[in-house]
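See below for the structure under consideration.
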Amino acid sequence: MLRIGLTGGIGSGKSTVGKIWARKGHHVIDLDALSRAVLDQPGEGLEEAIARFGESYRDPETGTINRAALAELVFNDPDSRADLERIVHRHLWAEVGRLEASIASRAADGTRVLVIHDSPLLLELEHDRHYRAIVAVVTPECERIDRVVRERGKSCEYVEGVIRAQVSDEERRARADVFIDNAGAPEHLDERADAALAEACDIIDDRLHALD
Ligand SMILES: CC(C)(COP(=O)(O)OP(=O)(O)OC[C@H]1O[C@@H](n2cnc3c(N)ncnc32)[C@H](O)[C@@H]1O)[C@@H](O)C(=O)NCCC(=O)NCCS
Ligand SMILES: Nc1ncnc2c1ncn2[C@@H]1O[C@H](COP(=O)(O)OP(=O)(O)OP(=O)(O)O)[C@@H](O)[C@H]1O
């Protein structure tokens with residue numbers, strides 16, 4: 001199985017790129033979506049989070065996590081964030097393993113299976129070495145803030161808190177292999193996403209040949 005990592009900061013447009021690739025038939029695993037599922041449905045992960053942070057973080061209507069309250073805490077307190085990541089990521093990676101096994105079992109013998117992880121924290125978690133190539137979506141911070149405030153109804157402070165918990169675009173540029181510049185309107189994003197994926201596949205081929 002060959003893994004490509006797709007990363008980028010909050011509001012950069014990485015899930016939009018992931019969806020473009022998925023629509024074209026590529027296997028894309030959305031780690032943000034899987035993380036949300038851990039706390040948005042009854043189960044072990046939810047109960048572990050409530051045990052760590054307290055019943056006051058349970059939404060009385062849904063019985064699941066109060067995301068806004070937990071966001072307020074963890075994006076202002078690195079120790080709480082590290083604890084939450086420890087809880088959520090254990091369940092998340094177990095699910096990623098199940099999905100990859102299912103993809104591998106459906107592939108024809110001897111074919112090369114390409115799996116893309118849409119992984120917001122790939123660089124923060126220092127997972128670089130698990131990927132044959134890394135694609136980063138980069139968009140100026142002010143545009144990212146504007147998108148999330150406008151389209152998700154979040155406050156500027158919320159977005160800035162998340163940005164502080166993530167690596168800078170400068171670091172993304174230093175550590176990723178391929179870049180998709182998503183500033184401005186999303187014109188021709190499909191074509192640019194295709195070109196970036198082709199470039200990542202070429203890099204993988206070169207790296208595999210170098211091992212021969
Ligand atoms: C704190 C939580 C409850 C806040 O939920 P909320 O609905 O407000 O945000 P959502 O999950 O949609 O994420 C918003 C943005 O924050 C980013 N983000 C989420 N968790 C983190 C984190 N631990 N560090 C840095 N950025 C993060 C996401 O990639 C996204 O860009 C939630 O983000 C969470 O459970 N985070 C821990 C799990 C995690 O690490 N997820 C990232 C995917 S691996
Ligand atoms: N070039 C663009 N111009 C304007 N809006 C865009 C552009 N690209 C994506 N968007 C919109 O910006 C928002 C954020 O995009 P998306 O969800 O793909 O980002 P993300 O990097 O996955 O963010 P997060 O990590 O916060 O989930 C979405 O509402 C999306 O439709």
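In this chain, residues are counted from 1 in sequence order. These values consider heavy atoms only, across backbone and side chains, with no hydrogens, waters or symmetry-generated copies. For ligands, and for the atoms within them, numbers begin at 1 and follow the listed sequence.
Residue contacts with ligand 2 for T139 are absent, since no atom lies close enough (heavy atoms, distance under 4.0 Å). Proximity of S15 to ligand 2, defined as any heavy-atom pair under 4.0 Å, is shared by backbone and side chain alike.
The environment of CG in D109 is sparse: at most 12 heavy-atom neighbours from other residues, nucleotides or ligands sit within 6.0 Å. The 12-atom threshold is not exceeded at CD of E72, counting heavy atoms of other residues, nucleotides or ligands nearer than 6.0 Å. Summarising the local packing, CD of E170 is surrounded by 12 or fewer heavy atoms from other residues, nucleotides or ligands at distances under 6.0 Å.
Residue Y158 has at least one heavy-atom neighbour below 4.0 Å for each of these atoms of ligand 1: 6 (P), 8 (O), 9 (O), 14 (C). The atoms of ligand 1 that sit less than 4.0 Å from any heavy atom of A71 are 4 (C), 8 (O). Distances below 4.0 Å separate heavy atoms of E151 from the following atoms of ligand 2: 11 (C), 12 (O), 13 (C), 28 (C), 29 (O), 30 (C), 31 (O). Here is the list of ligand 1 atoms found below 4.0 Å of a heavy atom in D32: 28 (C), 29 (O), 30 (C), 42 (C), 43 (C). Near P120, the atoms of ligand 1 lying under 4.0 angstrom from a non-hydrogen atom of the residue are 29 (O), 43 (C). With ligand atoms numbered from 1 in the order given, ligand 1 contributes 35 (O) to contacts under 4.0 Å with heavy atoms of L39. Each of the atoms 25 (O), 27 (O) of ligand 2 lies under 4.0 Å from some heavy atom of D32. Heavy-atom contacts of R36 reach the following atoms of ligand 1: 10 (P), 11 (O), 12 (O) (cutoff under 4.0 Å). Distances below 4.0 Å separate heavy atoms of G9 from the following atoms of ligand 2: 21 (O). Close approach to E85 involves these atoms of ligand 1, each under 4.0 Å from a residue heavy atom: 22 (C), 23 (N), 24 (N), 40 (O). Heavy-atom contacts of V74 reach the following atoms of ligand 1: 1 (C) (cutoff under 4.0 Å). Near N182, with a cut-off below 4.0 Å to any heavy atom, the atoms of ligand 2 are 1 (N), 2 (C), 7 (C), 8 (N), 9 (C). Per-residue contacts place T16 under 4.0 angstrom from the following atoms of ligand 2 (heavy atoms of the residue considered): 9 (C), 15 (O), 16 (P), 18 (O), 30 (C).
The nearest protein atom to atom 37 (C) of ligand 1, hydrogens excluded, is given as L84 CD2, 3.6 Å; this is a heavy-atom distance. At the shortest separation from atom 15 (C) of ligand 1 among protein heavy atoms lies I10 CD1, 3.7 Å. Protein heavy atom at the shortest distance from atom 27 (O) of ligand 2 is R152 NH2, 3.4 Å. At the shortest separation from atom 26 (N) of ligand 1 among protein heavy atoms lies Q166 NE2, 3.1 Å. F75 CZ, 3.9 Å is the protein heavy atom nearest to atom 20 (N) of ligand 1. Atom 25 (C) of ligand 1 has its closest protein heavy atom at L121 CD2, 3.4 Å. The nearest heavy-atom contact from the protein to atom 16 (O) of ligand 1 is V162 CG1, 3.3 Å. Of the protein's non-hydrogen atoms, S35 OG, 3.6 Å is the one closest to atom 44 (S) of ligand 1.
Considering only non-hydrogen atoms, atom 11 (O) of ligand 1 lies nearest to R67 out of R144, R81, R67, K154. When the heavy-atom distances from atom 25 (O) of ligand 2 to R36, K14, E143 are ranked, the shortest goes to K14.
At least one heavy atom of S12 sits under 4.0 Å from some atom of ligand 2. H89 counts as a contact of ligand 1, since one of its heavy atoms falls under 4.0 Å from the ligand. Using a non-hydrogen distance threshold of 4.0 Å, A183 does not register as a contact of ligand 2. Heavy-atom distances between G11 and ligand 2 reach below 4.0 Å in at least one pair.
Ligand 2 has a nitrogen or oxygen under 3.5 angstrom from a nitrogen or oxygen of G184. At under 3.5 Å, a nitrogen or oxygen of G13, whether backbone or side chain, sits near a nitrogen or oxygen of ligand 2. For R150, no nitrogen or oxygen atom sits less than 3.5 Å from a nitrogen or oxygen atom of ligand 2, counting backbone and side chain alike.
Rounding to the nearest 0.5 angstrom, the gap separating the CG atom in N182 from the NZ atom in K14 is 11.0 Å. With rounding to the nearest 0.5 Å, the separation of CD1 in I10 from OG1 in T139 is 12.0 Å.
Both the sub-6.0 Å distance and the 45° axial angle are not jointly satisfied by R164 relative to the ring of F75.
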Check against side chain to side chain contact (heavy atoms under 4.5 Å, CB included), V113 and L2: CA-CA 6 Å; V113 182; L2 300 175; over 6 Å; no
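A donor-acceptor pair is defined here as one N or O able to donate and one able to accept, closer than 3.5 Å; such a pair exists between the side chain of R129 and the backbone of E126. With hydrogens and angles disregarded, a donor-acceptor distance shorter than 3.5 Å links the side chain of R58 to the backbone of G63.
A donor-acceptor contact under 3.5 angstrom links the side chains of S102 and R106, judged on distance only.
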